Amino acid sequence: MAPVRPARADDLVALPLEVAPRLLGAHLTTVVAGEAVTVRITEVEAYHGRGTGDVPDPGSHARMGPTPRNATMWGPPGHLYVYLSHGIHSCVNVVCGPEGVAGGVLLRAGEVIAGTDAARTRRSAARATRDLARGPGRFGSTVGLRHALHDGIDALAGTERNGATARLELTEVALYGVASGPRVGVAGVAGTAAFPWRFWIPGDDTVSPFRWGRGAREAEIHRNDIG
């Protein structure tokens, strides 16, 4: 396993598309209600807000600008944007880019490397260890972070927020040979090869399977037809 060191703000100040592959192999450690879990990150997706980067991102929560829901995405790098998916699952993103420029990297999957007993308690439905944090909703459950209690928690300073702390550590050297492709389950063109903004560690069995989002397969066929 690659050595890690504490993440710094300057590691995350670039735009999410640049930062995302750098988060592969990183460790996120949370302590919630006294129970610590560490997950090694194996799969991520980049998202840009309105005005971020050269290409508008139609798949981002911040595509239309600031709202109460996405406010954390516009804040300092290294904080965690924790949002609610389908009214059920809390999903975790690392905020990237300069403060005032919206962006985040969704933590899609990971390998639990410490605190397995606590992770199994939180994810009692998991059929295998590899499934504990395989997918963004499972990842959020395993690390114990909840919308809206922990939205905005600082993973660089490690300061407590509503009974939880989080710390992000990066590999000392960026991983070599990472894979990239379309984002998973994202609707329309934002979920096609026009946005190969998903990155993962090839061959890792905790990486989630690919699936098309609503209308994304059709949008991909259309892209190929006119290309």
Side-chain angles (χ1 to χ4, degrees), residues 1-16 18-47 69-84 89-123 132-133 136-175 206:
M1 192 174 298
V4 295
R5 48 96 176 156
R8 304 181 298 265
D10 60 350
D11 294 314
L12 307 173
V13 76
L15 298 187
E18 181 179 343
V19 173
R22 186 69 182 89
L23 293 178
L24 294 175
H27 295 180
L28 180 66
T29 299
T30 60
V31 181
V32 182
E35 294 189 311
V37 171
T38 300
V39 177
R40 172 179 167 265
I41 298 165
T42 60
E43 181 188 12
V44 297
E45 288 176 347
Y47 289 89
R69 181 197 192 197
N70 67 36
T72 298
M73 292 183 74
W74 302 81
H79 289 232
L80 302 183
Y81 169 48
V82 183
Y83 72 88
L84 199 62
H89 305 294
S90 292
C91 300
V92 180
N93 301 252
V94 177
V95 176
C96 303
E99 187 168 0
V101 177
V105 177
L106 174 64
L107 305 182
R108 276 205 58 87
E111 173 195 8
V112 177
I113 59 173
T116 304
D117 289 344
R120 285 192 175 279
T121 299
R122 294 170 184 168
R123 284 278 306 130
L132 288 171
R138 294 172 178 177
F139 191 107
S141 294
T142 289
V143 298
L145 298 181
R146 296 289 179 268
H147 171 84
L149 279 175
H150 305 129
D151 182 30
I153 194 169
D154 188 342
L156 302 185
T159 49
E160 183 177 339
R161 189 179 188 93
N162 290 322
T165 61
R167 283 196 178 274
L168 180 67
E169 297 172 293
L170 300 183
T171 58
E172 293 181 354
V173 178
L175 299 190
T206 65

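Being a predicted model, the structure only gives us computed values, none of them experimental. Positions are given from 1, in the same order as the sequence printed here.
A salt bridge (Lys or Arg N to Asp or Glu O under 4.0 Å) check over residues 112-123, counting only residues at least two apart or in different chains, returns nothing. The side-chain hydrogen bond (donor to acceptor under 3.5 Å, both in side chains) analysis of residues 20-29, with sequence neighbours excluded, yields the pairs R22-T171, T29-T38.
Not a single donor-acceptor pair under 3.5 Å links the side chain of N93 to the backbone N or O of V95.
Within the 4.5 Å cutoff, the side chain of V37 has no heavy atoms near those of the T121 side chain. In this structure the side chain of L23 reaches within 4.5 angstrom of the side chain of L168, judged on heavy atoms. Within the 4.5 Å cutoff, side-chain heavy atoms of S90 are placed close to those of L84.
Remark: A46 engages P16, L17, A20, W197 in a side chain to side chain contact (heavy atoms under 4.5 Å, CB included) (not counting sequence neighbours). Scored by the side-chain hydrogen bond (donor to acceptor under 3.5 Å, both in side chains) test, T206 finds T42, D204 as partners (sequence neighbours excluded). The side-chain hydrogen bond (donor to acceptor under 3.5 Å, both in side chains) check on T165 picks up nothing, with sequence neighbours excluded. Contacts of D11 classified as salt bridge (Lys or Arg N to Asp or Glu O under 4.0 Å), with partners at least two apart in sequence or in another chain: R5, R8. Under the side chain to side chain contact (heavy atoms under 4.5 Å, CB included) criterion, A164 pairs with V32, L145, H150, I153, not counting sequence neighbours. Considering only residues two or more places apart in sequence or on other chains, A71 meets the side chain to side chain contact (heavy atoms under 4.5 Å, CB included) condition with none of them. Checked against side-chain hydrogen bond (donor to acceptor under 3.5 Å, both in side chains), E169 has no partners two or more places apart in sequence or in another chain.
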Enumerate donor-acceptor pairs with a distance under 3.5 Å from any side-chain N or O in residues 100-112 to protein atoms, sequence neighbours excluded.
| from | atom 1 | to | atom 2 | distance (Å) |
| --- | --- | --- | --- | --- |
| R108 | NE | E43 | OE2 | 3.2 |
| R108 | NE | S208 | OG | 3.3 |
| R108 | NH2 | S208 | OG | 3.0 |
| E111 | OE1 | R40 | NH1 | 3.1 |

For residues 72-82, which side-chain N or O atoms pair as donor and acceptor with protein atoms under 3.5 Å away, sequence neighbours left out?
| from | atom 1 | to | atom 2 | distance (Å) |
| --- | --- | --- | --- | --- |
| T72 | OG1 | D151 | OD1 | 3.0 |
| T72 | OG1 | D151 | OD2 | 3.2 |
| W74 | NE1 | N70 | OD1 | 3.0 |
| H79 | ND1 | G152 | O | 2.9 |
| Y81 | OH | H61 | ND1 | 2.8 |

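G25 and V4 get closest at one heavy-atom pair: O-CG1, 4.1 Å. Closest heavy-atom contact between V92 and G140: CG2-CA, 4.1 Å. Counting all heavy atoms, side chain and backbone alike, A7 lies closest to L156 at O-CD2, 3.5 Å.
A distance of 5.0 Å separates OG1 of T142 from CG of L132, quoted to the nearest 0.5 Å. The line from CZ of R138 to NE2 of H89 is 9.0 Å long, rounded to the nearest 0.5 Å.
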